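A quick note: this is a predicted structure, and the numbers were derived from the prediction, not measured. Labels below follow one simple rule: chain letters A, B, ... track the order of the sequence lines, proteins then strands, and each chain is numbered from 1.
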Amino acid sequence: MSKVKLPDSKAGKLAWKGDIPITSRYTAGVAGQKFFQALKEEEKILGTVCNKCEVTYVPMKLFCERCFAQLDETVDVGDTGRLVSFSVVYIDLDSKKVNPPQIVGLIELGNSQARMVHRLGEVKSSDLRVGMKVKAVWEMPLGREGKITDIQYFKPV
Amino acid sequence: MNQNVAIIGIGYTVPKPKTPEVSYKEMTYLAAQMAYKEAKISPKEVESFVTAAEDLHEGTSIFDEYTPDQLGAVQKPMHTVSGDGIQGIIAAALQIMTGAFDLIVVEGHSKASNIVTPTYVLNYALDPVINRPLNINPHYIAGLEMRAYMQDSKTSEEDVANVVAHNLTRAALNKLAPYGAKISPKKVLSSEPLFEPIRKLHMPQTSDAAYVVVLASERIAKKKVKPVWISGMSFCSDSPTLETRDWTTSISTQIAAEKAYQQAGIKNPAAEIDVFEIDDSFGYKQLQHLEALKVYEKGKAKNIFENGDKQKLSTRVNPSGGTLGVGWMHEATGLHKVLEVVSQLKGKKGKAQIKKAKVGLAQAWRGLPTTTCAVVILKNQK
Ligand SMILES: [Zn+2]
C-alpha cells in the first residue's frame, strides 16, 4: 500500500463553527397518551402485555416488537421494583463535574420483567446493591405534567 | 455465497486525535487515491458508491449530497448508509452479489475532532420522551451495561481493567494507533470515575481518519494482486429501547456471527479464525463480544489472560489495540477494523503481525446508545 503524505498538522488551523436550533415535536400516540395520563392522574405505571411472548412493555406499546401482535391488555405494574443495575454519573452533558454525582438505575418493575431507567435518590452510592428493592418517589400532583419526570426518582425501600 | 466478493484495495489516512490541517473531503480524497492506486482502477470504472455517515456527526443535513466529489463519484449512483462502515461494506457486497455490479467503492470517515458538542449529539439519539428528559450524560448506559454484564458473567472490575491495559499496551506496537501506552490494570482501576463502574481509562477517545474500500466481483478480483475475499457477513439490531433490550449479551453480534459463520463454514471460531478485530469500547465490550462471537462460552471471556491461553487468543484478539488504542471514529470505526484484518491477511502488520494469518474477523458496534453490530469474515484465499 502506498503511503499518502498529509501536510504538517501545524500548517493549517482555519475552521468555522456553526449551529442551528433544532426543535421537534414528539407525539405520544395511542399507548403513550394512556401511559402518561396514568402517571399524571393516577400515580400509576402502566404496561401492555403480550401473553404469547410473555413480555410486558413499559412504557405501554401498541404492538409487540417480537410477534407483531396488536396489544390491548393493560396492566398496572406497580411503582416498586428491583435494581438490576446502576451507574454513578460524575459529569454532565458539558463534561462539567456534578456534585453530588447523579445515580441512574435500571429497575425491574413489580412482578413483570418490564424495566425502566430512572434516577435514584435518597441513597448514598456506596449503599447501592444490585437486587435491592426500590420505590418511586412521585412529584406532587399539582406539579405533574404527564412526563416521565412526574416520577422524581426511585429510592430504596 | 453465490457470487464471490473481494476487497481489492483499501486506502486510508492515519488516525489522529485531531486533523486541523485537512478537511474531511480532502482526507477522503487522499484515502481514495491510495485505494484506487492499490486496486489499479480509475473511479470512472466504479459502478456504484456507498458512504457510511450520519448527518449529526457531519454537521450538515442531507449529508449524502456531500459525498460524491471526493470519491470521483459525481454523476454516479451513490448512497449513504447511516450505520457502521461494515454495514456499508455489506450493502456494497450485496449489490455485487446481485450480479448487476462488478466494482463498488465504500467510504467512511471521522472528523470527530470537529464535533464540538458530541455528548449532546449522543443525547439526541435517546428516546425523546422516556429517556432524554432525565437530562443525564448518556454514557450512563455503558455504566449500566457494564455492571449488568459483570454481574451476569461474574466478571470483576479487575478483569475489565486487564482488557483496557492489554489493548492500550498493544496499541503501542501499531503505527496506526494514536493512543498506545504502557498502562497497568491498576492505573485503569484508579483512574477518575466518570460513569461508574466506567472510569476515564475505559472510555474510548476519538480519532480522525478516512477509509476507502474497493470491492469487486470475482470476475475482476481474480485478475488483481492479493484480493481478500469476503466469506461471511451479517448485521442486525437487538431491541432498540433501553427498556426492552438485553443488558448482558450482545444479541446482535451473536445473531450476525451465527449467520456469518454459517456462510463461511466456520464451526469453531476460536480455532478456525486467526485474527479478530472487534469492538472493545469501555473494555467490557471486548469480553461481551467475544462471548457473543462464540470464541468463549458465556462468562468465560475473562479467562483470556489466564495462564494456559493455549489458543493464544490474547494475541490474536485486537492485535491493533482495538478501538481503545486506535480511537472511536463513529461510522468509520468498523472500517479501521477491516483495514487491520486485511493488512494482517496480507502479512503487512510489522510488529503487530499475527504469523500466517489466513482468516480474519472484523466486528463493529454502532456505539451508544445502539444495539446494532456487524460482522464480516475475510480470507486471503477463496
Ligand atoms: Zn408478542
**Message:** A side-chain contact here means heavy atoms from C-beta on lying under 4.5 Å apart; do B:W247 and A:V84 qualify?
**Reply:** no

**Request:** For residues B:P240 and A:E65, determine if any side-chain heavy atom of one lies less than 4.5 Å from a side-chain heavy atom of the other.
**Result:**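 Result yes, sub-4.5 Å side-chain heavy-atom pair found.
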
Sort [X] into side chain, backbone, both or neither according to what part of it lies under 4.5 angstrom from a heavy atom of chain A.
| X | answer |
| --- | --- |
| B:N135 | both |
| B:R132 | side chain |
| B:V129 | both |

**Asked** Are the side chain of A:R119 and the backbone N or O of B:L134 linked by a donor-acceptor pair below 3.5 Å?
**Response** yes

**Prompt:** Atom CG of B:L242 and atom CZ of A:R115: how far apart are they, to the nearest 0.5 Å?
**Reply:** 11.5 Å

Where [X] and [Y] come nearest, the two heavy atoms and their spacing:
| X | Y | result |
| --- | --- | --- |
| A:M116 | B:E243 | CA-CG, 4.4 Å |
| B:I130 | A:P59 | CD1-CG, 3.4 Å |
| A:S24 | B:Y124 | OG-OH, 3.1 Å |
| B:A148 | A:S85 | N-OG, 3.5 Å |

**Request:** Please state whether the side chain, the backbone, both or neither of A:Y153 comes within less than 4.5 Å of a heavy atom of chain B.
**Result:**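 Neither part; nothing is under 4.5 Å.
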
**Request:** Side chain from CB out, backbone as N, CA, C, O: work out which of these in A:V58 comes under 4.5 Å of a heavy atom of chain B, or both, or neither.
**Result:** backbone

**Message:** Under a 4.5 Å cutoff for heavy-atom pairs, which residue among A:V89, A:L93, A:V104, A:D94 has the most contacts with chain B?
**Reply:** A:L93

**Asked** With a cut-off of 6.0 Å (strictly less than), are more than 12 heavy atoms of other residues, nucleotides or ligands near NZ of A:K135?
**Response**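 Counting other residues, nucleotides and ligands, NZ of A:K135 exceeds 12 neighbours.
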
**Test side chain to side chain contact (heavy atoms under 4.5 Å, CB included) applied to A:Y90 and B:E192, B:E196, B:K200, the passing residue** = B:E196

